[in-house]
Amino acid sequence: MTESPTEQDAVALFEALEFKFPHRTLGNDKWYLVALSALVAVNHDHIATLYKYLINKAEYSTSDSRKTLIRRIREALVENISIQGVCKPLEALFGIIQIEREEDKDYSFSRENWSLNPETHKRGKDWLETIYKDSINQIDATLAAHRDIKLINYDITYGFYLSDMSILDPVETELVVLTGIMIQNMGRLTAWHLRGMRRVGVSKEDTETVHQCIEMVAKFGGIALDKVPRVEAIEHEI
């Protein structure tokens, strides 16, 4: 039986991901969103290890900076609920809560006033069309006999979860979503969100590097990503 990765193994992974991630073009504060979203699937226990790794960095030396960090982590976990289900993100959050300092707790409530209404429907629809473009008509036609799923897609998955840009921006949201899908080895949906990455302005080269980062976490978790395409295969569809 293969032994579970240790905390030391996880830290080595984080150091490698931080080095690999295209921070010169995408920024220094995004790499851990890929790590977190992939770890939800392969080893949610080590999301607490990721949190400890981050708060030991100089940029998170103050309580306010750690509150900003936990807001971003929490938002990535919230978005992952729509991609990977409730239980693993919740378990990951419980792990962080066990080690979180009292002065670092953030009590903000980003969706406190959310409701299902025409405005949130439009917001979800607009973000869907940004990611899928002309493919959305084909998807709608495919779901014509499954209107419950279409409603969830527009108003819940996108209207509630993924189109809220108050904490994570469009590129960060798509990093979370692409990673959360690809790490589950889903070919069709990965292709859609590789296109989505390109459509929110991430270069082909950086998208490929993000893919390689996700593969690093998959290897750490002992899983294969043998059904997912590479950005080169969908580039002509952008």
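Below, each value reflects all heavy atoms present in this structure, side chains not excepted, and no hydrogens, waters or symmetry copies.
- Both tests hold for Arg111 against Phe160: distance to the six-membered ring centre under 6.0 Å, angle to the ring axis within 45°.
- Atom CD1 of residue Ile167 and atom OG of residue Ser110 lie 4.0 Å apart, to the nearest 0.5 angstrom.
- Closest non-hydrogen pair, Leu194 versus Leu178, comes out as N-CD1, 3.8 Å.
- Of the options Val217, Leu54, Leu39, Asp9, a side-chain contact (heavy atoms from CB on, under 4.5 Å) to Phe14 is made by Leu39 and by none of the others.
- The salt bridge (charged side-chain N to carboxylate O under 4.0 Å, His left out) contacts involving residues 138-162 comprise nothing, where partners must be two or more places apart or lie in separate chains.
- Between the side chains of Thr62 and Asp64, no donor N or O sits under 3.5 Å from an acceptor N or O.
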- Report the C-alpha distance between Arg74 and Asp106 in whole Å, list the side-chain angles of each, state the deciding distance to 0.1 Å, and finish with yes or no for side chain to side chain contact (heavy atoms under 4.5 Å, CB included). CA-CA 10 Å; Arg74 182 174 63 219; Asp106 173 71; 2.6 Å; yes
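- The nearest pair of heavy atoms linking Thr190 to Pro229 is CG2-CD, 4.0 Å.
- For the atom pair CG of Leu77 and CG of Leu36, the computed distance is 5.0 Å after rounding to the nearest 0.5 Å.
- What you find for Cys213 and Leu17 is that their closest heavy atoms are O-CD2, 3.4 Å.
- For Gln138 (side chain) and Ser135 (main-chain N/O), no donor-acceptor pair under 3.5 Å exists by modelled atom type.
- Considering every non-hydrogen atom in both Ile234 and Ala191, the closest pair reads CG2-CB, 4.1 Å.
- For the atom pair CG (Leu128) and NZ (Lys133), the distance works out to 12.5 Å, reported to the nearest 0.5 Å.
- Using a 30° and 60° split on the angle between ring planes, Tyr154 and His121 fall in the parallel class, below 30°.
- Under the 4.5 Å side-chain criterion, counting only non-hydrogen atoms from C-beta, Thr25 is not in contact with Ser203.
- With hydrogens and angles left out, the side-chain atoms of Tyr53 and Glu7 include no donor and acceptor closer than 3.5 Å.
- Atom-to-atom distance recorded for Ile139:CD1 and Asn153:CG is 7.0 Å, nearest 0.5 angstrom.
- Annotation: Lys57, atom NZ; neighbour count of heavy atoms from other residues, nucleotides and ligands within 6.0 Å is above 12.
- The side-chain heavy atoms of Glu100 and Arg66, taken from C-beta on, include no pair separated by under 4.5 Å.
- With a 4.5 Å cut-off on side-chain heavy atoms, Leu69 and Asp29 do not count as touching.
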- Item | Verdict with reasoning, Tyr132 to Arg199, per side chain to side chain donor-acceptor pair (under 3.5 Å) | CA-CA 9 Å; Tyr132 291 93; Arg199 289 166 180 169; over 6 Å; no
- Evaluate the criterion side chain to side chain contact (heavy atoms under 4.5 Å, CB included) for residue pair Val176 and Asn80; output intermediate values, then yes/no. CA-CA 7 Å; Val176 168; Asn80 260 294; 3.6 Å; yes
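- A salt bridge is absent between Glu235 and Lys204; no separation between the charged side-chain nitrogens and carboxylate oxygens falls under 4.0 Å.
- Looking at Gln84, its side chain does come within 3.5 Å of a backbone N or O of Ser37 through a donor-acceptor pair.
- Connection of Val200 to Val34 is established within a shared hydrophobic cluster, with ILVMFWY side chains joined at heavy-atom distances below 4.5 Å, either directly or through further cluster members.
- Sparse packing is recorded around NZ of Lys122, with 12 or fewer heavy atoms of other residues, nucleotides or ligands lying under 6.0 Å away.
- Cluster annotation: Val86 is connected to Tyr158 through the hydrophobic network of ILVMFWY side chains, with a link wherever side-chain heavy atoms come within less than 4.5 Å.
- Around CG of Asp134, the count of heavy atoms belonging to other residues, nucleotides or ligands within 6.0 Å does not exceed 12.
- You'll find the side chain of Leu26 stays beyond 4.5 Å of the side chain of Trp31, heavy atoms only.
- Closest non-hydrogen pair, His46 versus Ala10, comes out as ND1-CB, 3.7 Å.
- Atoms NE2 and CE, from His193 and Met186 in turn, are 11.0 Å apart once rounded to the nearest 0.5 Å.
- The main-chain N or O of Glu215 is never found under 3.5 Å from a side-chain atom of Lys219 such that the two would form a donor-acceptor pair.
- The OH atom of Tyr51 lies 10.0 Å from the CG atom of Asn56; values are rounded to the nearest 0.5 Å.
- In this structure, the side chain of Ser82 engages the main chain of Glu79 through a donor-acceptor pair within 3.5 Å.
- Thr209 and Asp206 form no side-chain donor-acceptor contact under 3.5 Å, judged by distance and modelled atom types alone.
- With contacts defined as side-chain heavy-atom distances shorter than 4.5 Å, the pair Arg71/Ser108 qualifies.
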- Query: Does the side chain to side chain contact (heavy atoms under 4.5 Å, CB included) test come out yes or no for Met197 and Leu175, once each step is laid out?
  - Reply: CA-CA 7 Å; Met197 284 282 284; Leu175 281 169; 3.6 Å; yes
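- Of the charged side-chain nitrogens involved, none lies within less than 4.0 Å of a carboxylate oxygen, so that Glu174 and Arg195 do not count as a salt-bridged pair.
- Clustering ILVMFWY residues whenever any of their side-chain heavy atoms sit less than 4.5 angstrom apart, transitively, puts Leu151 in a cluster other than the one holding Trp114.
- Of all heavy-atom pairs between Asp226 and Asn185, the closest is OD1-ND2, 2.7 Å.
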- Task: Carefully, step by step, assess Ile83 and Gln184 under the rule side chain to side chain contact (heavy atoms under 4.5 Å, CB included).
- Result: CA-CA 10 Å; Ile83 304 301; Gln184 297 178 80; 3.8 Å; yes
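- Leu33 places a side-chain heavy atom less than 4.5 Å from the side chain of Arg72.
- A donor atom on one side chain and an acceptor atom on the other are not found under 3.5 Å apart for Thr120 and Arg123.
- For Asp104 (side chain) and Lys67 (main-chain N/O), no donor-acceptor pair under 3.5 Å exists by modelled atom type.
- For the pair Glu18 and Tyr32, the minimum side-chain heavy-atom distance is 4.5 Å or more.
- Looking at heavy atoms from C-beta onward, Tyr161 lies in side-chain contact with Ile81 at the 4.5 angstrom threshold.
- Between Arg198 and Glu237, none of the side-chain N atoms (NZ, or NE/NH1/NH2) sits under 4.0 Å from a carboxylate O, so this pair counts as no salt bridge.
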